[in-house]
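First the structure, in the form of structure tokens, and then the observations on it.
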Amino acid sequence: LGAFQASMSTTTILSTAAAGVFASIIGVRTVLLAGGLICLGAAIVTALLFRADRAVGAVGAERTADDAAPADRDAAPADRDAAPAAASVAGS
């Protein structure tokens, strides 16, 4: 935990110094605009990754239901719901 906090402090100091250097070279407004564009790009990439993960998760859920053992498919819905609950109680 100490190494993580040290790296965060170092990153904060270095990013502040870099922002100051860039602000003196290209201007404060341009640095703020560049930072905003970087954040916007990161948000778009994150949204795309979440959308892709959701699509993969939905396909995986369908595949799991189709690949269930024949005994699980033939069981009544109440029996299927009770089995995981009983297993979780026995495991705790």
Side-chain angles (χ1 to χ4, degrees):
L1 188 59
F4 176 72
Q5 290 176 343
S7 67
M8 291 297 294
S9 296
T10 303
T11 304
T12 301
I13 292 167
L14 292 177
S15 66
T16 304
V21 169
F22 286 133
S24 68
I25 295 172
I26 60 176
V28 174
R29 286 185 183 186
T30 308
V31 169
L32 290 175
L33 178 64
L37 290 175
I38 289 170
C39 289
L40 180 63
I44 290 170
V45 168
T46 301
L48 292 173
L49 289 173
F50 272 113
R51 181 177 293 167
D53 185 54
R54 186 181 307 145
V56 170
V59 170
E62 291 171 5
R63 206 175 309 140
T64 303
D66 292 339
D67 294 339
D72 291 341
R73 277 188 254 149
D74 296 336
D79 294 339
R80 276 187 263 146
D81 295 338
S88 65
V89 170
S92 56

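Quick caveat: nothing in here was measured; it's all calculated off a predicted structure.
- Cluster note: Val45 groups with Leu49 through ILVMFWY side-chain heavy atoms spaced under 4.5 Å, whether in direct contact or through intervening members.
- Every side-chain contact (heavy atoms from CB on, under 4.5 Å) that Phe50 has, sequence neighbours left out, goes to Thr46.
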I'd like a table of donor-acceptor pairs (distance under 3.5 Å, sequence neighbours excluded) in which one partner is a side-chain atom from residues 15-39, with atom names and distances.
| from | atom 1 | to | atom 2 | distance (Å) |
| --- | --- | --- | --- | --- |
| Ser15 | OG | Thr11 | O | 3.1 |
| Ser15 | OG | Thr12 | O | 3.1 |
| Thr16 | OG1 | Thr12 | O | 2.8 |
| Ser24 | OG | Val21 | O | 2.7 |
| Thr30 | OG1 | Ile26 | O | 3.3 |

